[in-house]
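Remember, predicted model here, so these are calculated numbers, not experimental data.
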2 protein chains.
Amino acid sequence: MALDKIDRKILALLQRDATMPVAEIGRKVGLSTTPCWRRIQKMEEEGVIRRRVAVLDPVKINVGVTVFVSVKTAEHNESWLRKFAATIEDFSEVVEFYRMSGDIDYLMRVVVPDIAAYDAFYKRLIAKIALSDVSSSFAMEQIKYTTALPLDFALVNDDDK
Amino acid sequence: MALDKIDRKILALLQRDATMPVAEIGRKVGLSTTPCWRRIQKMEEEGVIRRRVAVLDPVKINVGVTVFVSVKTAEHNESWLRKFAATIEDFSEVVEFYRMSGDIDYLMRVVVPDIAAYDAFYKRLIAKIALSDVSSSFAMEQIKYTTALPLDFALVNDDDK
DNA sequence: CATGAAACGATCTAGAG
DNA sequence: CTCTAGATCGTTTCATG
């Protein structure tokens, strides 16, 4: 699970473009095809690389509006959370869902075409599960969105400079 | 830019797994290789498919902690926003950044290894740009995270059932 | 004009040294 | 790690309806 400098370079490239041929990746990180391919293979087995996916344009598929939904609840037991999580899993509009510390209990990011669609989503949600306090904040603009995680913190085992 | 039922099926598959061979996608949507390949090609040209990327495991690359940072500001002009956006662009820890409506002006999602690293990020941020009111909320658990957007709202041009 | 079969070339994957 | 070779897949061409 410890990654060296070359592994991080490979990951950086694959986070930007997963279609890049192994030979080209190898060339960019100073490796020939086979060892580069072996490293990628290993990182996939270890689960460092989870999957390769297509990223779509939200506006072009008509989900240009992002809403952040804060939820407070009276229930705080494990079984209720599992039910809540299972419910949210079925809502494809919810793309992110976090259990929070502080004054709000849960935060979710919801993507919809417009306000009306958000209202419809909201009604379907509260019909499925009882939520004591729900607050919605609309995003006016998505200034930055990336699937690429920072690699600066990844643990290094060996002593490369 | 209008997508039919087959296009949406293709996109659904590619959002889950971008390594799936065109022939197999075609088989699943009831098309042979060439027309399926043409559809994918077209959606890439139109920008519906933005890119294909590798999705990494946050915990395995040591950024398991998510922090939502709310920002209020006194400045509300366009040039200040551009400077702010450019600053954020350089912070790889900030993976999402939104201009909001309501009582908070901006919201960002930040990924870091731990609280200490967040503090270091915070200090670097406020050293770069003056922010009047910053509030941080820590996520205890990421219950759901997906890069797959809902396709139910995509506009349909033709009259397939 | 869209489809599909087939052929080509690039890439992946695996083995041996 | 390099070299090699076979399997697989992306991409183009062409015939068909």
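In this structure, the CD1 atom of A:I40 is 9 Å from the P atom of C:dT13, given to the nearest Å. Spacing between atom CH2 of A:W37 and atom P of D:dT4 amounts to 19 Å, rounded to whole angstrom units. Rounded to whole Å, atom C1' of C:dA10 lies 15 Å from atom CZ of A:R27. Whole-Å rounding puts the A:Q41 CD to C:dG15 P distance at 12 Å.
In the model, A:Y145 has no side-chain atom that pairs as donor or acceptor with a side-chain atom of B:E96 under 3.5 Å.
Minimum atom distance to the side chain of B:T34 is reached by C:dG4, of the listed C:dC12, C:dA16, C:dG4. For B:P35, whose side chain is taken as the heavy atoms from C-beta onward, the closest listed nucleotide among C:dA16, C:dT3, D:dT13 is C:dT3. The B:S32 side chain lies nearest to C:dG4 when the options are D:dT4, C:dC12, C:dG4.
Put simply, A:V53 and B:M43 are part of two different groups of oily side chains (I, L, V, M, F, W, Y) that touch within less than 4.5 Å, one to the next.
Judged by distance alone, with hydrogens and angles left aside, B:T33 brings no side-chain donor or acceptor close enough to the base of D:dC9 to form a pair under 3.5 Å.
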Task: A:Y106 vs A:Y98, ring-ring contact (aromatic ring centres under 6.0 Å, His included): CA-CA, chis, key distance, verdict - done: CA-CA 6 Å; A:Y106 299 96; A:Y98 301 88; over 10 Å; no
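B:R39 comes within contact range of no nucleotide atom at all, as no heavy-atom separation falls under 4.0 Å.
B:Y118 and B:S136 get closest at one heavy-atom pair: OH-OG, 2.6 Å.
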